[in-house]
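So the structure is just underneath, and the comments pick up after that.
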Amino acid sequence: MNAAARKAAAGGGMGRAPALVLALVAAGAFLISYNFFAMLLRGGGGASAAAGARDPVVAMPAWMREAAGREARRRPFHVALTATDAAYSRWQCRVMYYWYKRMQAQPGGEAMGGFTRVLHSGKPDGLMDEIPTFVVDPLPAGKDHGYVVLNRPWAFVQWLQKAKIEEEYILMAEPDHIFVKPLPNLANDNDPAAFPFFYITPSEHEKIIRKYYPKERGPVTDIDPIGNSPVIIKKTLLEKIAPTWMNVSIQMKEDEETDKTFGWVLEMYAYAVASALHGVQHILRKDFMIQPPFDTKLGNTFIIHFTYGCDYSLKGELTYGKIGEWRFDKRSFQNWPPPRNLTLPPPGVPESVVTLVKKVNEASANLPRWDDGSQPIFMRIQIGS
């Protein structure tokens, strides 16, 4: 190697030396900083801190976990339920809104954002000042074929197009839902959360499902066993799904075989199919809600869905399918609300039913102009005896 080459080589070695020194210094500084902050996070130093201390790299510090929890609670959802102006719908909406406000005000209710009753009767009613309401048009005359629920997807289409909705997520709910504890946002970004219904079984009706979800779209198992409610979903996703949901609902209702097979849950199947057509699958949350009298315990649920009648003997035995000596059935109150202070169920009736009646009683006791004395005497005797 000539002198010039040796000089160049020597210069290169000298250039690398400071870089190595700097790297060692940086590594040392990192270790010192790590140990210092780890000591602080453990609450001190020395042997007592080292013994049984959590490594903050492995276990997230409590303050950080709390911050993450607050961030999750800051993902508010807008509660939306569709309704008519019928007395049957009005009293259920009043109870539902009462318990929404109660749970929203409790610790843990931070995700429960705004509330809208989407009224698809086409004109305002007497609850406009009590419950935030957005009036939309019903389907054209005769288009629902006497199946009023067919107005639900059309109502959501209109509301999403015309209303100003601040929240990024939407909870689709129903009048016969009662919140029993604050509801967090159960959705995970583009994965909505839904309740799985045991009676929504797409795989058992593949022949019919294929009319709306052809084989090239994928297996029938892509279709979730759900309805549209309760569902927490991103607004942007629902804006895509809702028109398809509406169209599929109408197509199903106008197909004699589908209508006969799916009956009163047709619109639920339509939402499940529409979601799959858009490649959307849901997180299935059994703890989303319970349905008395078949679900007997509250457990960790967030909502009571009182769609079924609750009939019991005075011994506390379920007499489903037969009017009981004690009963609560929302269908008994088609033209007026239930009376205040309903008689509680007899001993032995499950806590889910007892809680339901107590919730209705509390709401009716606190809501003004509940029945205005218009309750027929025979209904008071039937329910209050």
Side-chain angles (χ1 to χ4, degrees), residues 78-93 96 115-128 131-165 170-177 200 205 208-209 211-214 223 226-231 233 235-278 280 307 330-331 334-335:
H78 193 102
V79 181
L81 70 157
T82 57
T84 72
D85 59 0
Y88 177 65
S89 177
R90 289 201 306 270
W91 72 258
Q92 293 178 55
C93 287
M96 197 274 193
F115 187 103
T116 300
R117 181 181 64 131
V118 184
L119 182 63
H120 55 76
S121 300
K123 60 184 185 298
D125 67 357
L127 292 181
M128 303 296 291
I131 303 175
T133 299
F134 191 91
V135 179
V136 297
D137 293 325
L139 287 167
K143 196 66 176 178
D144 65 4
H145 302 279
Y147 179 55
V148 68
V149 184
L150 213 59
N151 285 280
R152 182 177 294 157
W154 172 224
F156 270 108
V157 168
Q158 296 174 80
W159 178 64
L160 290 165
Q161 289 177 346
K162 300 176 182 179
K164 184 179 180 181
I165 307 162
I170 291 170
L171 164 64
M172 292 188 284
E174 295 182 14
D176 59 356
H177 287 176
I200 302 297
H205 303 289
I208 291 175
I209 290 293
K211 294 182 180 182
Y212 314 97
Y213 192 76
I223 301 171
I226 62 171
N228 83 289
S229 176
V231 166
I233 186 171
K235 181 173 59 178
T236 52
L237 286 179
L238 186 56
E239 287 171 341
K240 296 175 183 177
I241 293 171
T244 308
W245 171 29
M246 179 189 70
N247 291 331
V248 172
S249 295
I250 293 173
Q251 291 168 14
M252 285 184 170
K253 187 64 182 174
E254 292 178 345
D255 181 83
E256 185 176 352
E257 182 185 22
T258 306
D259 187 28
K260 182 178 179 180
T261 301
F262 290 162
W264 66 275
V265 296
L266 178 149
E267 166 268 341
M268 297 172 70
Y269 272 102
Y271 174 79
V273 169
S275 297
L277 287 170
H278 286 275
V280 175
T307 189
K330 67 178 185 177
R331 294 164 189 82
Q334 296 278 350
N335 301 312

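If you read the sequence from its start, that first residue is 1, and numbering goes on from there.
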For the side chain of [X] and the backbone of [Y], is there at least one donor-acceptor N/O pair under 3.5 Å apart?
X: Ser249; Y: Leu150; value: no
X: Lys235; Y: Ile165; value: yes
X: Glu257; Y: Ile208; value: no
X: Ser121; Y: Leu119; value: no
X: Asp255; Y: Met252; value: no
X: Arg152; Y: Leu81; value: no

Check step by step if side chain to side chain contact (heavy atoms under 4.5 Å, CB included) holds for Val79 and Met96.
-> CA-CA 11 Å; Val79 181; Met96 197 274 193; 4.1 Å; yes
Is there a side chain to side chain contact (heavy atoms under 4.5 Å, CB included) between Thr82 and Phe156 once you walk through the steps?
-> CA-CA 8 Å; Thr82 57; Phe156 270 108; 3.6 Å; yes
Is the NZ atom of Lys240 crowded by more than 12 outside heavy atoms at less than 6.0 Å?
-> no
CD (Glu256) with more than 12 external heavy atoms under 6.0 Å = no
If every non-hydrogen atom of [X] is compared with every non-hydrogen atom of [Y], which pair is closest and at what distance?
X: His120; Y: Pro138; answer: O-CB, 3.3 Å
X: Arg331; Y: Gln334; answer: O-CG, 3.3 Å
X: Ser275; Y: Ile241; answer: OG-CD1, 3.8 Å
X: Phe134; Y: Ala163; answer: CE1-CB, 3.8 Å
X: Asp137; Y: Trp154; answer: O-NE1, 3.3 Å
X: Gly227; Y: Met268; answer: CA-CB, 3.7 Å

If I take atom [atom1] from residue [X] and atom [atom2] from residue [Y], how far apart are they, to the nearest 0.5 angstrom?
X: Trp245; Y: Asn228; atom1: CH2; atom2: CG; result: 3.5 Å
X: Ile223; Y: His205; atom1: CD1; atom2: NE2; result: 11.5 Å
X: Arg117; Y: Met128; atom1: CZ; atom2: CE; result: 6.5 Å
X: His78; Y: Ile170; atom1: NE2; atom2: CD1; result: 7.5 Å
X: Asn247; Y: Tyr212; atom1: CG; atom2: OH; result: 12.5 Å
X: Asp144; Y: Ile250; atom1: CG; atom2: CD1; result: 9.5 Å

May I have the step-by-step check of side chain to side chain contact (heavy atoms under 4.5 Å, CB included) for Leu266 and Asp259, ending in yes or no?
-> CA-CA 7 Å; Leu266 178 149; Asp259 187 28; 3.8 Å; yes
Please report the C-alpha distance between His278 and Thr244 in whole Å, then the side-chain angles of each, then the deciding distance to 0.1 Å, and finally whether the side chain to side chain donor-acceptor pair (under 3.5 Å) criterion is met.
-> CA-CA 9 Å; His278 286 275; Thr244 308; 2.7 Å; yes
State, with a plain yes or no, whether a side-chain heavy atom of Glu267 is found less than 4.5 Å away from one of Lys253.
-> no
Charged N to carboxylate O below 4.0 Å: is that the case for Lys330 and Asp176?
-> yes
How are the rings of Phe262 and Tyr269 set to each other: parallel, tilted or perpendicular (split at 30° and 60°)?
-> parallel
Would you please test Leu238 and Val231 for side chain to side chain contact (heavy atoms under 4.5 Å, CB included) and show each step?
-> CA-CA 10 Å; Leu238 186 56; Val231 166; over 6 Å; no
